[in-house]
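So that the names make sense, note that chain A is the first sequence line, chain B the second, and so on, each numbered from 1.
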Amino acid sequence: MSAENVNQKYQQIWQTVQCIPFGKVASYGQVADLAGLPGRARLVGKALGKVPNGVWQGQSVPWFRVINSQGKISFAQGSDAFEKQRKLLQDEQVVVLHGRVKLKEFQWQPDITELLHKLSY
DNA sequence: TACATGACACCTA
DNA sequence: ATAGGTGCCATGT
């Protein structure tokens, strides 16, 4: 696996995450699937930790809108990262209780046609 | 080369 | 709801 290929995968992931709208969340697996990388949820976490300055292509990457498939924040409760993510989510009206978000209410339901328009792969 | 380690997901208890 | 086992694969040692 060449470095270029890896970087391309990261970019697909970043681009997909940028499509998650304000006030909504997506799971790592969901992002992986939409990014054309089914079964690669763990790669999404890696990619999010590697966004240069939290920005890609002049747009911020809302990493905090990505949580696990159970609706939980994946950082350890009480950690700085955990608190930061909780705050950022609550700042956009996403309810976080016990480190968990109700996916029924807040999970992003992507519009396929809109997505095809936005994603370049 | 081998092994450990993840911002995970899925299935079974 | 929680816990353990397995699959996954890029990274780091």
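The CD atom of A:Q8 sits 17 Å away from the C1' atom of C:dC9 (whole-angstrom rounding).
Side-chain contact of A:Q57 with A:Q18: a donor-acceptor pair under 3.5 Å is absent, judged by distance alone. No hydrogens or angles considered: nothing links the side chains of A:Q11 and A:Q15 as a donor-acceptor pair under 3.5 Å.
Using a 4.5 Å cut-off on side-chain heavy atoms (C-beta onward), A:L43 and A:Y28 make no contact.
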So if I define the base as every atom that isn't primed, P, OP1 or OP2, how would nucleotides 6-13 of chain B read as a B/S/- string at a heavy-atom cutoff under 4.0 Å? BBBS----

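The pair A:D80-A:K84 does not meet the salt-bridge criterion, since no charged nitrogen lies less than 4.0 angstrom from a carboxylate oxygen. Ion pairing of A:K118 with A:E114 is present here, as a side-chain N (NZ or NE/NH1/NH2) and a carboxylate O approach within less than 4.0 Å.
For A:Y10, no side-chain nitrogen or oxygen approaches OP1 or OP2 of C:dC9 to under 4.0 Å.
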